Amino acid sequence: MNRKLEIMIMSGVDDGQQLNYSTDNGDGQLSADGSKWSISVGRREDSDICLRNDTFVSRLHAYLIWERNRWWLQDCDSTNGTYLENGPSDARVQGTIPINPNDLFRIGHTWMRIQETGE
């Protein structure tokens with residue numbers, strides 16, 4: 001089954017940019033049984049979502065993971081943290097947490113959100 005991910009960059013140099021990923025295009029890492037799909041986020045050139053212009057992003061900062069019919073956000077022990085918008089203060093992500101489409105999250109100083117894809 002084809003999985004798709006649309007990410008909207010909400011701040012920084014790439015503000016307004018929409019990024020599209022698909023298992024059909026070979027994006028990310030798909031488990032052998034197809035039950036888990038991971039998209040890496042970081043400053044490294046080989047990251048699926050490369051935020052090279054944000055110096056607060058670690059080389060391998062986080063993963064967006066599709067598993068058990070939902071999205072998960074995993075911080076990879078990044079130096080500056082991964083945050084989920086949470087009312088008046090942002091909540092730092094510890095380990096792996098569920099994330100919903102349209103939730104705002106921050107990697108370094110870059111805010112993003114998962115867009116609804118209709119799938």
Side-chain angles (χ1 to χ4, degrees):
M1 172 193 242
N2 180 33
R3 273 270 131 235
K4 293 182 180 180
L5 172 65
E6 293 179 11
I7 295 286
M8 178 66 76
I9 305 292
M10 305 299 291
S11 69
V13 178
D14 299 318
D15 186 17
Q17 183 177 3
Q18 184 170 307
L19 307 172
N20 296 292
Y21 302 91
S22 169
T23 54
D24 279 358
N25 294 337
D27 297 326
Q29 297 291 320
L30 187 63
S31 65
D33 66 0
S35 66
K36 182 177 177 180
W37 182 40
S38 302
I39 300 291
S40 62
V41 184
R43 213 176 59 239
R44 283 192 331 219
E45 290 294 322
D46 64 347
S47 297
D48 298 308
I49 300 174
C50 181
L51 300 173
R52 71 180 63 80
N53 296 316
D54 186 339
T55 58
F56 288 86
V57 173
S58 297
R59 286 186 218 45
L60 176 58
H61 198 104
Y63 283 102
L64 285 165
I65 301 163
W66 176 260
E67 186 176 32
R68 299 188 306 269
N69 293 316
R70 71 166 308 137
W71 285 106
W72 301 84
L73 178 61
Q74 176 185 16
D75 183 76
C76 296
D77 295 324
S78 62
T79 302
N80 293 304
T82 301
Y83 294 85
L84 189 61
E85 184 181 52
N86 188 21
S89 64
D90 302 326
R92 187 169 182 153
V93 173
Q94 301 292 327
T96 305
I97 64 164
I99 187 169
N100 298 310
N102 299 318
D103 286 351
L104 287 175
F105 63 97
R106 180 167 56 87
I107 305 285
H109 281 170
T110 304
W111 283 99
M112 297 180 252
R113 77 170 178 231
I114 297 173
Q115 302 282 89
E116 290 280 4
T117 61
E119 284 193 20

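Just so we're clear, the structure is a prediction, and the values are computed from it rather than from any experiment. We count residues from 1, following the sequence as given. Hydrogens, waters and symmetry mates are skipped; everything else that's a heavy atom, side chains included, is used.
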[X]: what forms a side chain to side chain donor-acceptor pair (under 3.5 Å) with it, not counting sequence neighbours?
{"X": "Gln17", "answer": "none"}
{"X": "Arg106", "answer": "none"}
{"X": "Asn100", "answer": "Arg70"}

If we only count heavy atoms from C-beta on, is the [X] to [Y] side-chain gap below 4.5 Å?
{"X": "Ile114", "Y": "Asp103", "value": "no"}
{"X": "Ile39", "Y": "Ile49", "value": "yes"}
{"X": "Leu64", "Y": "Phe105", "value": "yes"}

Solution key, residues 19-28 side-chain donor-acceptor pairs under 3.5 Å, sequence neighbours excluded:
from: Asn20; atom 1: OD1; to: Gln18; atom 2: NE2; distance (Å): 3.4
from: Tyr21; atom 1: OH; to: Asp48; atom 2: O; distance (Å): 3.0
from: Ser22; atom 1: OG; to: Asn2; atom 2: OD1; distance (Å): 2.8
from: Ser22; atom 1: OG; to: Asp24; atom 2: N; distance (Å): 3.1
from: Thr23; atom 1: OG1; to: Asn2; atom 2: OD1; distance (Å): 3.1
from: Thr23; atom 1: OG1; to: Arg3; atom 2: N; distance (Å): 2.9
from: Asp24; atom 1: OD2; to: Asn2; atom 2: ND2; distance (Å): 3.4
from: Asp27; atom 1: OD2; to: Ser22; atom 2: N; distance (Å): 2.8

Report task. State yes or no: do Val93 and Ile107 share one hydrophobic cluster built from I, L, V, M, F, W and Y residues joined by side-chain heavy-atom distances below 4.5 Å, directly or via other members? Result ->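 Hydrophobic grouping puts Val93 with Ile107.
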
Which pair of non-hydrogen atoms, one from [X] and one from [Y], has the smallest distance, and what is that distance?
{"X": "His109", "Y": "Asp54", "value": "N-OD2, 2.7 Å"}
{"X": "Gln115", "Y": "Ile7", "value": "CG-C, 4.4 Å"}
{"X": "Cys76", "Y": "Ala62", "value": "SG-CA, 3.8 Å"}
{"X": "Asn80", "Y": "Arg92", "value": "C-NH2, 4.1 Å"}

Query raised in the report: Got a sec, which hydrophobics cluster with Met8, joining ILVMFWY side chains under 4.5 Å apart, including via others?
Result: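 Grouped by the 4.5 Å side-chain rule, Met10, Leu104, Trp111 form the rest of the cluster around Met8.
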
Query - Co-members of Phe56 in a cluster of I, L, V, M, F, W and Y side chains, linked at under 4.5 Å - result: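 Via sub-4.5 Å side-chain contacts, Phe56 links to none.
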
Once rounded to the nearest 0.5 Å, what's the spacing between atom [atom1] of [X] and atom [atom2] of [Y]?
{"X": "Lys4", "Y": "Trp66", "atom1": "NZ", "atom2": "CH2", "result": "13.5 Å"}
{"X": "Tyr63", "Y": "Leu73", "atom1": "OH", "atom2": "CG", "result": "13.0 Å"}
{"X": "Ile65", "Y": "Trp37", "atom1": "CD1", "atom2": "CH2", "result": "12.0 Å"}

Query raised in the report: Tell me the salt bridge (charged side-chain N to carboxylate O under 4.0 Å, His left out) pairs involving residues 30-44, sequence neighbours left out?
Result: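 Output for this query lists Arg44-Asp46.
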
Report task. For residues 57-69, pull every pair meeting salt bridge (charged side-chain N to carboxylate O under 4.0 Å, His left out), keeping only residues two or more places apart or in separate chains. Result -> none

**Report entry** Contacts of Arg52 that satisfy salt bridge (charged side-chain N to carboxylate O under 4.0 Å, His left out) - sequence neighbours left out
**Finding:**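 Arg52: salt bridge (charged side-chain N to carboxylate O under 4.0 Å, His left out) contacts with Glu45.
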
Report task. Under the side chain to side chain contact (heavy atoms under 4.5 Å, CB included) rule, collect the residues that match up with Ser78, sequence neighbours excluded. Result ->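 In terms of side chain to side chain contact (heavy atoms under 4.5 Å, CB included), with neighbours along the sequence ignored, Ser78 is linked to Ser58, His61, Asp75, Thr82.
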
